[in-house]
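Here's the structure we're looking at; comments come further down.
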Amino acid sequence: MANKVRSATLKVVAGLATVIVLAVSVIMLTLTAARLDVATVDVGALPPASPPADMSISALPTGTYETPAIFAFRGGSWNDTRHFASTAVLVHHPKGNVLIDTGFARNIDAHLKLISWIQRSPHSKGVPAVDQLASGGIHPGALAGVIPTHAHWDHVSGLDDLSGVPVMVNAQGKRWIDAKAAGTEVINSFRGVNYKPYDFEGGPYLGFSRSHDMWGDGSVVIVPAPGHTPDSVVVFVNLPSGTRYALVGDLVWQMEGLEIPAEKPWPLRRLIGEDDDEVRKDIALIRSASTRHSEIHAISAHDASAFRAIPVFPASAR
Ligand SMILES: [Zn+2]
């Protein structure tokens, strides 16, 4: 009798072990290199832009967090530690200064406690955007607005230091934030965020179906890209020199996502709840736009090397 029980137990254990090994193997397979097959899309002519001569752009790096490349894009290596940038971008414009994303706040340690343990990785803190701006003579109250590329913690933490500044969100994004969806814990922990909703009332833009022209001169144009999260956007910043940036947020986490191209690993996409089809469509559009129009430089929000293209505040590029 005892032998029968032992034999049955061994069979159950062996079965479980097989299932676990199979599951781990399948998950590991989803991390291996696989070039994403995306089409080349006709994105049309370069959209008109007449940025004022004294418009400029600056980067405000506020810190980084470590992520092995294996978790950043398919085919990345476990041994290749990427220091994910958490950087705000200042667009200086005579009609108003705008921040795109905010980076880490003074209070980043408290914000990290609000997110799930699986998202926390070793981070290093720089100077928060609010303090960088102040030392460069820009009072946060004078900001015309903040445009988050989306409302995840690493993009909105700095709102904590920018109380009262208008936070530009589109209607679909605001619904997602108001639903207190997973990933919105930090933004929803802030009291009295001064949301400034906007519509995509403008026409198609480089293959994206709709657009919002911030100042009406084509210098800062927001398009919907609701794949990473429902509120995700791409912000095009078009400088007087003719250089253009596509700030793609977390459409991809590192530039390999656009360059190979390669998706984020499957378990991470499921954890976040990404819309894979939308992300693939937007990767195709950004790749096609920057291939056809050499003026356009895409920058992934967490790729520190891509940010080298933008001078660090108080330096700026026009
Ligand atoms: Zn992010």
Side-chain angles (χ1 to χ4, degrees), residues 59-73 76 81-89 99-105 108-109 111-126 128-129 146-160 167-169 173 176-177 181-190 222 224-235 245-258 262-265 267-276 278-279 282-283 286 298-307 310:
L60 293 89
T62 68
T64 59
Y65 55 98
E66 290 178 16
T67 308
I70 193 172
F71 295 140
F73 59 92
T81 301
R82 299 294 170 102
H83 296 271
F84 271 36
S86 192
T87 296
V89 172
L99 273 192
I100 299 160
D101 285 339
T102 67
F104 293 166
I108 181 64
D109 292 327
H111 299 163
L112 281 164
K113 289 184 182 137
L114 298 174
I115 63 175
S116 66
W117 64 270
I118 205 163
Q119 291 174 282
R120 283 178 229 153
S121 53
H123 66 288
S124 62
K125 289 182 276 186
V146 172
I147 307 170
T149 59
H150 61 292
H152 276 161
W153 68 278
D154 46 337
H155 301 259
V156 301
S157 163
L159 289 180
D160 205 11
V167 178
M168 300 198 49
V169 291
W176 182 66
I177 294 167
T184 65
E185 296 82 0
V186 170
I187 197 165
N188 277 313
S189 75
F190 302 148
I222 313 170
H228 177 61
T229 56
D231 67 330
S232 287
V233 295
V234 171
V235 186
Y245 292 108
L247 302 171
V248 305
D250 285 9
L251 176 64
V252 296
W253 280 329
Q254 296 284 287
M255 290 305 290
E256 285 90 341
L258 284 168
E263 288 184 291
K264 300 179 189 101
L268 281 297
R269 304 202 310 265
R270 297 289 69 79
L271 195 68
I272 296 159
E274 287 200 351
D275 177 339
D276 291 344
E278 177 69 30
V279 168
D282 297 338
I283 287 176
I286 295 293
I299 296 189
S300 145
H302 296 310
D303 193 308
S305 59
F307 267 109
I310 303 180

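One-based numbering, in listed order, for ligands and for the atoms of each. Every value quoted in this text rests on a predicted model; they were computed, and no experiment measured them.
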- Task: Test salt bridge (charged side-chain N to carboxylate O under 4.0 Å, His left out) on K125 and D109 and set out the steps.
- Result: CA-CA 9 Å; K125 289 182 276 186; D109 292 327; 2.6 Å; yes
- Decide salt bridge (charged side-chain N to carboxylate O under 4.0 Å, His left out) for D276 and K264; before the verdict, give the C-alpha distance in whole Å, the side-chain angles of both, and the deciding distance to 0.1 Å. CA-CA 10 Å; D276 291 344; K264 300 179 189 101; over 6 Å; no
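Aromatic pair H302/Y65: ring centres closer than 6.0 Å.
Vertex the Zn ion (ligand 1); arms to D154 OD2 and D250 OD2; angle rounded to 10 degrees, 160°.
For a distance bound of 2.8 Å, the N, O or S atoms of H155 include one lying that close to the Zn ion (ligand 1). Distance check for H302 against the Zn ion (ligand 1): an N/O/S atom falls below 2.8 Å.
Within the 4.5 Å cutoff, the side chain of H228 has heavy atoms near those of the W253 side chain.
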